[in-house]
Amino acid sequence: MRTIERVADVRAFSRAARRAGRTVGLVPTMGALHAGHLALIRAMVRRTDAVAVSVFVNPTQFAPGEDLDRYPRDLDADRRLAEEAGAHVLFAPPVEEIYPVEPGVWVDPGEPGRILEGAARPTHFRGVLTVVTKLLNAVEPDWVAFGQKDAQQAVLVRRLIDDLLLPVRMWVGPTVRDPDGLALSSRNAYLDAAGRRAAPELYRSLLVGRQLLEAGERRAGEIAARVRARLAATGVLRPDYVAVVAASDLSPVDPVAGRVLLLAAAVLGGVRLIDNLCLEVRGDRVAPSEL
Ligand code: AMP
């Protein structure tokens, strides 16, 4: 596996692969790779012939006062893990390579980027969509992989690709969890032992929402309120938002029907955790679904 730092070099790698008749896959990450990232890399290895994993802690998606400076970084471990998962290139550009100048042009997600995570982090998705556009233009992949763990991000990136006619196909991989249900996240490293024990309550609270749907409840507000109450009852997780929205475009659904996302964010000992379930609701049937 090669490590590449320059845009020109990763583009040359990608173009050479395609000239040789090979397809190219990209897995964008911020590093501190875990089994969730590795599942996305393996999915790209199965679908494409040449796989690049980008490791770039994107400063423009962090607001002042967020965790940019302490975000976990371990490039040597990332290199080893990406290679074991079958990646061909680790693209780890320095910040100046992606942002030689302050961006003058931004990719703005519009209203769906200002709700849910975007309400708490108003400039977050503008930073995400801008860097994803840059990474897609640098690597020019045939396929790009994202995780359902960050469901709003996946929906917004799909919209970016569709709205701007970007010539790339998108794969969304299911959320990889620890055995106790906690969704893997690089930020879980911020949790202390007590926080780590309490963190699976976020997922368990979402399961309460799914059980309500399975019992026939279709009022979105009632489901959100019950999940929120369950979170608050833990005494340690402070709920931010809980919502049931259409999986296609994050619009409100009430009564709940079709393919929906049940999303929640909560703060645990100063650490912000997010999680979601994607469900297909058809009549009185409720089934797990995919983004
Ligand atoms: P990050 O490094 O946190 O920016 O994540 C990079 C990619 O990995 C994003 O597409 C995430 O949605 C995805 N990802 C993060 N955590 C998980 C997980 N537990 N399961 C599946 N994908 C994940």
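Excluded from the calculations below are hydrogen atoms, water molecules and symmetry mates; all remaining heavy atoms, backbone and side chain alike, are included.
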> Indicate yes or no: at least one non-hydrogen side-chain atom of P141 is less than 4.5 angstrom from one of L136.
yes
> Distance from I223 atom CD1 to L212 atom CG, nearest 0.5 Å?
6.0 Å
> Mark yes when over 12 heavy atoms from residues, nucleotides or ligands other than R196 sit less than 6.0 Å from its CZ; otherwise mark no.
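More than 12 heavy atoms, drawn from other residues, nucleotides or ligands, come within 6.0 Å of this atom.
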> Would you say the side-chain atoms of S205 pair up with the backbone N or O of E201, donor to acceptor, closer than 3.5 Å?
yes
> Write down the atom of A266, the atom of L202, and the distance for their closest heavy-atom approach.
CB-CD1, 4.4 Å
> If we only count heavy atoms from C-beta on, is the Y71 to F62 side-chain gap below 4.5 Å?
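They are in contact (side-chain heavy atoms under 4.5 Å apart), so the answer is yes.
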> Going from CG on L273 to CZ on R238, what distance comes out if it is rounded to the nearest 0.5 angstrom?
11.5 Å
> If you round to the nearest 0.5 Å, how far is CD of E280 from CG of L213?
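Rounded to the nearest 0.5 Å, the CG-CD separation comes to 12.0 Å.
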> Determine all donor-acceptor pairs shorter than 3.5 Å in which one atom belongs to a side chain in residues 49-57; sequence neighbours excluded.
unit_1	atom_1	unit_2	atom_2	d
D49	OD2	T23	N	2.8
D49	OD2	T23	OG1	3.3

> With a 4.5 Å heavy-atom cut-off, do L279 and E214 have their side chains touching?
no
> Would a single hydrophobic cluster contain both W143 and L26, if residues Ile, Leu, Val, Met, Phe, Trp and Tyr are joined by side-chain heavy-atom contacts under 4.5 Å?
no
> Would you say the side chain of L90 lies within less than 4.5 Å of the side chain of L75, judging by non-hydrogen atoms?
yes
> Only pairs under 3.5 Å count here: list side-chain donor-acceptor contacts from residues 168-175, not counting sequence neighbours, and write none if there are none.
unit_1	atom_1	unit_2	atom_2	d
T175	OG1	K149	N	3.1

> Write down the atom of R197, the atom of P200, and the distance for their closest heavy-atom approach.
O-CD, 3.3 Å
> Would a 4.5 Å heavy-atom cut-off, applied to side chains only, mark L156 and Q152 as touching?
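L156 reaches Q152 side chain to side chain.
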> Taking F91 as the starting point, is it possible to reach V132 by hopping between hydrophobic residues whose side chains are less than 4.5 Å apart?
yes
> Please find the pair of heavy atoms, one from A264 and one from L231, that lie closest to each other, and give the distance.
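Nearest pair, atom of A264 first, then L231: CB-CD1, 4.4 Å.
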> If hydrophobic clusters are built from ILVMFWY residues whose side chains come within less than 4.5 Å, do I41 and V89 share one?
no
> Tell me whether R114 is salt-bridged to D108, with the criterion being a basic N under 4.0 Å from an acidic carboxylate O.
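Yes.
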> For a 4.5 angstrom cut-off between non-hydrogen side-chain atoms, does R73 reach M30?
no
> Checking the side chain of E5 only, and the main-chain atoms of P94 only, is there a donor and an acceptor separated by less than 3.5 Å?
no
> If you look at every heavy atom in A145 and P28, which pair is closest and at what distance?
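So the two residues come closest at O-CD, 3.3 Å.
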> Between the main-chain N or O of R219 and the side-chain N or O of E217, is there a donor-acceptor pair closer than 3.5 Å?
yes
> Under the side-chain hydrogen bond (donor to acceptor under 3.5 Å, both in side chains) definition, can you give me all pairs with a residue in residues 60-70, not counting sequence neighbours?
N58-T60, N58-Q61, T60-Y99, E66-R121, D67-R187, D67-Y190
> In terms of hydrophobic clusters joined by side-chain contacts under 4.5 Å, are V144 and L38 together?
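No; tracing contacts between hydrophobic side chains, which count when under 4.5 Å, never links both residues.
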> Hey, are D275 and R177 close enough for a salt bridge, meaning a charged N less than 4.0 Å from a carboxylate O?
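Counted as a salt bridge, because a side-chain N and a carboxylate O are separated by less than 4.0 Å.
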> Okay, side chain of R47, backbone of A43: is any donor-acceptor separation there less than 3.5 Å?
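Yes, because the side chain of R47 sits within donor-acceptor range (under 3.5 Å) of the backbone of A43.
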> Test R2 against H88 for side-chain contact (heavy atoms from CB on, under 4.5 Å), laying out the working first.
CA-CA 6 Å; R2 278 173 66 193; H88 302 88; over 6 Å; no
> Nearest 0.5 Å, please: how far is CD1 in I98 from OG1 in T130?
12.0 Å
> Report yes or no: do V236 and Y203 belong to one cluster of Ile/Leu/Val/Met/Phe/Trp/Tyr joined by side chain heavy-atom distances under 4.5 Å?
yes
> Nearest 0.5 Å please: distance from the CG atom of L116 over to the NE2 atom of H124.
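Answer for the CG-NE2 pair, L116 versus H124, is 11.5 Å.
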> Report yes if some heavy atom in the side chain of V267 is under 4.5 Å from a heavy atom in the side chain of L237; otherwise report no.
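Answer no - side chains too far apart.
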> Could you tell me the separation between the CD atom of Q211 and the CZ atom of R226, rounded to the nearest 0.5 Å?
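Separation between the atoms: 10.0 Å.
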> Might you point out which heavy atoms bring L191 and A199 nearest each other, and give the distance in Å?
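L191 and A199 have their closest heavy atoms at CD1-CB, 3.9 Å.
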> Test your reading of the model: is there a side-chain donor-acceptor pair from R218 to the backbone of G283, 3.5 Å cut-off?
yes
> Side chains of residues 77-85: which donor-acceptor pairs under 3.5 Å do they make with residues two or more places apart or in other chains?
unit_1	atom_1	unit_2	atom_2	d
D78	OD1	A32	N	3.3
D78	OD1	L33	N	3.0
D78	OD2	A32	N	3.2
R79	NE	T3	OG1	2.9
R79	NH1	D76	OD1	2.8
E83	OE2	M1	N	3.2

> Would you confirm whether R11, through its side chain, and N137, through its main-chain N or O, come within 3.5 Å as a donor-acceptor pair?
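Present.
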> Taking the side chain as every heavy atom from C-beta outward, state whether P112 and R159 have any pair of such atoms under 4.5 Å apart.
yes
> V176: which other cluster members, linking ILVMFWY side chains closer than 4.5 Å, directly or transitively?
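When side chains under 4.5 Å apart are linked, the cluster holding V176 also contains L184.
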> Name every donor-acceptor pair, under 3.5 Å, that has one atom in a side chain of residues 239-263 and the other anywhere in the protein, sequence neighbours excluded.
unit_1	atom_1	unit_2	atom_2	d
D240	OD2	R272	NH1	2.9
D240	OD2	R272	NH2	3.0
Y241	OH	E117	OE2	2.8
D249	OD1	S251	N	3.1
D249	OD1	S251	OG	2.7
D254	OD1	A220	N	3.1
R259	NH1	E290	O	2.8

> Does the R18 side chain pair with the main chain of E140, one donor and one acceptor, at a distance under 3.5 Å?
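Flag set: sc R18 to bb E140 pair under 3.5 Å.
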